[in-house]
Amino acid sequence: MTEDYLHEEGQALGRWQEHKFMVLIGLTITVSMLLVSLSLWLYNNSGAAQLDLSRPGYQEVRDQAKKTTDFSTFSSSGPIDAESLKEFRKMYDEQYGRITSTQNFGGDVMNDSSLGIDSPPVAH
Amino acid sequence: MNRLTMVFFVSAALVLAALCTAGTSRAQSTTLSEEHISKIRQNCVTAQTTLSQLHASDGVLRVNLGPMYENMSTKLMAPLNSRIALNRYQGLKLAATTLEYDRHFGVFRSSYIQYEKSMSNTLNINCAENPVAFYESVQATKEKRLKLHEDTKTLVTLLAAYKTEFEDFSRRFEEGTL
């Protein structure tokens, strides 16, 4: 294998083979950018972002999120009798009371006047 | 290649033109007096601070309320429906209400996503530079919050309906008329 042979072989290499390492790096970066974009899109549109209290702006209220481990489950098996109906009624009333006592996005907090962006009175 | 480039630029120009037209038409959709615009510009930073706090507290509220709503269905209503069916009693009304409740829970989730996105957009607007856009965005967000409020009321109404049907089932069970 002479030097001339190696030189000829090098010239015979295509453009792809000549820069294949750079192409590999470029493709890797492109694929990773695509995957990151896809995951960000999914994060924003699946509703996960809206429930993510680790985002900036939620630091002060993060601790107010309650753990829901105290929600007991009614058994789906067993007989239907006065005792089981009583048990269900007790569990249901308890949780229903908790829901109705919680605020539910109501109130006039977004009124123009509350925000100070209402129309000023017309001067006569 | 040249043709492809041309097609690309023409498409990009069309998209830009469409976006500009949409932006202009939206900007012109609300007519505010100069005094009103001036007042918005003057108070909008305070308004954005208030909205930012509301955004955070609503986030926590959603995180707390969501599992409560969901658990009512998955941990109470569905198990009772299964138990009634397993014991060969008639519980169709209860099952139908549960289905309706689940459907509305999906609507609630979707409404919250829309509301949260709208609120985030409102908070990102430079209100001193674009007071009209800010005002319009506040109005849009307000409508979405109202929709969310209505959704929660519907869920509570369905929970109350389920309770009424349960009491009816319970009464008929005790009377032996099931």
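To find a chain, count down the sequence lines: A is the first, B the second, and so on, and within it residues start at 1.
Under the 4.5 Å side-chain criterion, counting only non-hydrogen atoms from C-beta, B/K39 is in contact with A/D118. A heavy-atom distance below 4.5 Å is not found between the side chains of A/Q64 and B/V63. For the pair A/M110/B/M119, a side-chain contact is recorded, criterion being any heavy-atom separation below 4.5 Å from C-beta on. B/M72 has its side chain within reach of A/F71: a pair of non-hydrogen atoms, C-beta onward, lies under 4.5 Å apart. Here the side chains of B/R62 and A/L51 are in contact, with some heavy-atom distance below 4.5 Å. Between B/Q139 and A/D112 the shortest side-chain heavy-atom distance falls below 4.5 Å. Under the 4.5 Å side-chain criterion, counting only non-hydrogen atoms from C-beta, B/K75 is not in contact with A/S72. The closest side-chain heavy-atom distance from A/I80 to B/F169 is below 4.5 Å.
Considering all non-hydrogen atoms of both residues, A/F105 and B/H149 come closest at O-CB, 3.7 Å. Scanning both residues, B/H36 and A/I117, for their nearest heavy atoms gives NE2-O, 2.8 Å. Of all non-hydrogen atoms in A/T73 and B/P79, the two that sit nearest each other are CG2-CG, 4.5 Å.
Heavy atoms closer than 4.5 Å to chain B are found in both the backbone and the side chain of A/A65. Both the backbone and the side chain of B/D58 come within contact range of chain A, each with at least one heavy atom under 4.5 Å from a heavy atom of that chain. Heavy atoms of B/S38 lying under 4.5 Å from chain A are absent altogether. Only the backbone of A/S46 has a heavy atom closer than 4.5 Å to any heavy atom of chain B. Proximity to chain B (any heavy atom under 4.5 Å) is restricted, for A/V109, to the side chain, taken from C-beta onward. Only the backbone of A/N44 comes within less than 4.5 Å of a heavy atom in chain B; its side chain stays farther off. Looking at A/L85, both its backbone and its side chain come within 4.5 Å of chain B, counting heavy atoms on both sides. Only the side chain of B/E167 comes within less than 4.5 Å of a heavy atom in chain A; its backbone stays farther off. At a 4.5 Å heavy-atom cutoff, B/A85 makes no contact with chain A through either its backbone or its side chain. Both the backbone and the side chain of A/S119 come within contact range of chain B, judged by heavy atoms closer than 4.5 Å.
Between A/T102 and the options B/N64, B/L61, B/V156, a side chain to side chain contact (heavy atoms under 4.5 Å, CB included) holds for only B/L61.
Atom CD1 of residue A/I99 and atom CG of residue B/L159 lie 5.5 Å apart, to the nearest 0.5 angstrom. With rounding to the nearest 0.5 angstrom, the OG atom of A/S76 is 10.0 Å from the CG atom of B/L80. The distance from atom CG of B/L76 to atom CD of A/Q95, rounded to the nearest 0.5 Å, is 6.5 Å. Rounding to the nearest 0.5 angstrom, the gap separating the CZ atom in A/F88 from the CZ atom in B/R83 is 10.5 Å. To the nearest 0.5 angstrom, B/R109 atom CZ is 12.0 Å from A/Q50 atom CD. Rounded to the nearest 0.5 angstrom, A/R55 CZ and B/H55 NE2 are separated by 5.5 Å.
Ion pairing between a basic and an acidic side chain is recognised when a charged N comes within 4.0 Å of a carboxylate O; B/E174 and A/K86 show no such pairing.
Taking B/L86, B/L65, B/I37, B/T50 one by one and counting their heavy-atom pairs under 4.5 Å with chain A, the maximum is reached by B/L65.
Between B/F166 and A/Y92, a ring centre-to-centre spacing not shorter than 6.0 Å is recorded.
Checked by atom type and distance alone, the side chain of B/N43 pairs as donor or acceptor with a backbone atom of A/G116 at under 3.5 Å.
Under the 3.5 Å distance criterion, with hydrogens and angles disregarded, a donor-acceptor pair is assigned to the side chains of B/S170 and A/R89.
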